[in-house]
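First comes the structure, then the notes that go with it.
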Number of protein chains: 2
Amino acid sequence: MEGKAKRILIADDEPDILEIVSYNLSKEGYEIYTAKDGNEAIERAKQLNPDLIILDIMMPKKTGIEVCEILRTQAMFQHTLIIFLTALSDESSQIKGLETGADDYVNKPISPKVLISRVNALFRRTNTKPSESKTLSIGNINIDPVKFMVMIDGKDVILAKKEFELLYLLASRPGRVFLRNEILSQVWGNDVIVGDRTIDVHIRKVRQKMGVDCITTVKGVGYKFDV
Amino acid sequence: MEGKAKRILIADDEPDILEIVSYNLSKEGYEIYTAKDGNEAIERAKQLNPDLIILDIMMPKKTGIEVCEILRTQAMFQHTLIIFLTALSDESSQIKGLETGADDYVNKPISPKVLISRVNALFRRTNTKPSESKTLSIGNINIDPVKFMVMIDGKDVILAKKEFELLYLLASRPGRVFLRNEILSQVWGNDVIVGDRTIDVHIRKVRQKMGVDCITTVKGVGYKFDV
DNA sequence: CTTCCATGTTAACAGTATGTTTACACAAAA
DNA sequence: TTTTGTGTAAACATACTGTTAACATGGAAG
């Protein structure tokens with residue numbers, strides 16, 4: 001059910017707001033990142049590629065509107081959710097915000113509960129597209145079967161097909177030990193017969209390419225992905 | 001340009017509201033249908049299978065909340081957008097509404113313009129796929145599907161039709177890997193049968209003409225546009 | 001300490017997926 | 001008609017994957 005912690009970037013120049021929102025959303029199981037002004041928001045967005053960006057409108061350097069406009073011109077952020085969170089409650093600001101390409105517009109003073117509800121509602125709606133939803137996140141490791149990509153601390157790791165399938169299997173149940181037989185039947189298929197060392201060699205390649213050792217050997221049993 | 005007029009069902013027991021909302025949304029090009037109470041809303045929803053349902057909460061027969069709950073149990077309405085439009089502005093109602101499975105919650109008195117913005121925002125998000133003829137920018141690469149042109153660092157690159165379609169598909173989701181099958185069905189169409197090397201040849205031509213290598217091969221899987 | 005066995009490591013091999021080039025049919029433009 | 005360019009196919013070249021085999025290592029049991 002879980003699988004993936006959504007990443008949320010919050011940009012606001014008021015530390016109080018950052019703290020309140022961060023606290024409440026992280027309690028809901030989201031991974032929270034923050035930025036203090038418009039420029040920092042753009043920079044961090046590019047680094048993190050978050051699932052949702054919450055933007056204050058009145059910020060130093062660049063306003064939330066400007067940030068939104070800039071991000072929306074980039075293909076990378078075409079599908080990123082954006083919520084404006086602002087004290088400007090007048091009608092035209094709201095319309096402007098939504099037309100800039102935001103997905104929601106919430107007025108301050110904010111109620112944490114309402115914000116959480118709206119965030120959840122946004123994710124509920126986008127989650128229904130099953131294509132993007134199988135991404136695994138364990139710590140700072142990101143495994144995306146759609147992009148066929150592994151990211152560690154924001155850096156890409158290119159794995160071959162079998163290597164990726166192997167890693168994905170292990171990472172799908174972090175901490176759980178997979179017997180060699182299980183791995184064979186899941187990654188190679190039941191009817192394929194391969195030598196004993198084949199799994200080891202692939203494990204080695206994955207370990208090597210990832211740099212981080214997140215796969216533990218359980219001698220006489222199999223392998224597991226470290227939690 | 002546009003595909004097809006979106007259908008919106010509005011349920012409210014106040015004729016005035018029905019009229020104002022209907023008028024404003026139909027002016028935007030939507031097809032509008034109405035219902036006067038909860039039961040009628042459910043009935044008409046089943047008949048019409050609308051793209052969006054706008055529900056008043058305080059209605060005779062069944063409240064908007066009840067209607068929403070009932071609809072959401074039906075597979076048919078799992079992906080239908082729902083907006084609550086209500087005079088109940090208190091926080092808990094809003095939360096309740098959103099948690100029932102609604103996609104937005106707008107308070108009365110309504111501003112037609114705000115409502116329109118929010119409706120548009122919802123559809124913008126779900127419209128995703130087909131020919132979202134928007135200019136894409138990735139880094140210093142600009143792809144304009146209207147002019148059928150690609151610019152790199154301000155310099156024009158002329159691509160043939162198929163080449164352009166291929167590039168545009170990949171660039172529409174930078175980082176995402178497209179399987180060979182996907183590429184075939186999206187660029188060539190489902191029924192067309194072409195040889196194995198055809199995709200490669202086109203990829204090569206695109207790479208060649210662009211000068212920059214922004215397309216990565218994922219062996220055994222497909223191709224992706226580098227982020 | 002020695003032995004044994006499971007796994008780690010490395011290099012090399014074969015098969016396959018993709019890259020590359022050329023050629024040709026066909027359509028559009030001139 | 002000629003000319004030019006596009007899309008596809010075929011043939012060959014290349015690079016990489018997946019696999020094996022041979023050997024190294026390391027820990028546990030005796």
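We name chains A, B, ... by the order of the sequence lines, and we start the count at 1 in each one.
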Charged N-O contact under 4.0 Å between [X] and [Y]:
X: A/Asp103; Y: A/Arg72; answer: yes
X: B/Glu182; Y: B/Arg176; answer: yes
X: B/Arg118; Y: B/Asp104; answer: yes
X: A/Arg44; Y: A/Asp37; answer: no
X: B/Asp51; Y: B/Arg7; answer: no
X: B/Lys6; Y: B/Glu31; answer: no

Nucleotide [N], atom [atom2] - distance to [atom1] of [X] in whole Å:
X: A/Asp200; N: D/dA21; atom1: CG; atom2: C1'; value: 13 Å
X: A/Ile203; N: C/dT10; atom1: CD1; atom2: C1'; value: 17 Å
X: B/His202; N: C/dG19; atom1: NE2; atom2: C1'; value: 15 Å
X: A/Lys219; N: C/dC4; atom1: NZ; atom2: C1'; value: 10 Å
X: A/Arg197; N: C/dA6; atom1: CZ; atom2: C1'; value: 7 Å
X: A/Asp196; N: D/dA21; atom1: CG; atom2: C1'; value: 12 Å
X: B/Trp188; N: D/dT6; atom1: CH2; atom2: P; value: 15 Å
X: B/Ile199; N: D/dT8; atom1: CD1; atom2: P; value: 10 Å

DNA chain D contacts made by residues 157-166 of chain A, counting heavy atoms under 4.0 Å: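 Result for residues 157-166 of chain A: A/Ala160, A/Lys161, A/Lys162, sorted by number.
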
Within residues 204-213 of chain A, residues whose heavy atoms come under 4.0 Å of DNA chain D: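 Those residues are A/Lys205.
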
Residue closer to the 5' end of DNA chain C, A/Thr217 versus B/Val221 (nearest nucleotide):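 Between the two, 5'-proximity favours A/Thr217.
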
Ring geometry between A/Trp188 and A/His202 (parallel below 30°, tilted from 30 to 60°, perpendicular above 60°):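 Rings of A/His202 and A/Trp188: perpendicular, over 60°.
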
Nucleotide nearest A/Tyr223 when distance is taken to its side chain, options C/dT20, D/dG7, C/dG8: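 Nearest nucleotide to the side chain: C/dG8.
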
A/Arg180 to A/Phe178, cation-pi by 6.0 Å centre distance and 45° axis angle: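 That pair does not qualify as a cation-pi contact.
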
Exercise: do A/Thr86 and A/Asp56 side chains pair donor with acceptor under 3.5 Å: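 Side-chain D/A pair, A/Thr86 to A/Asp56: absent.
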
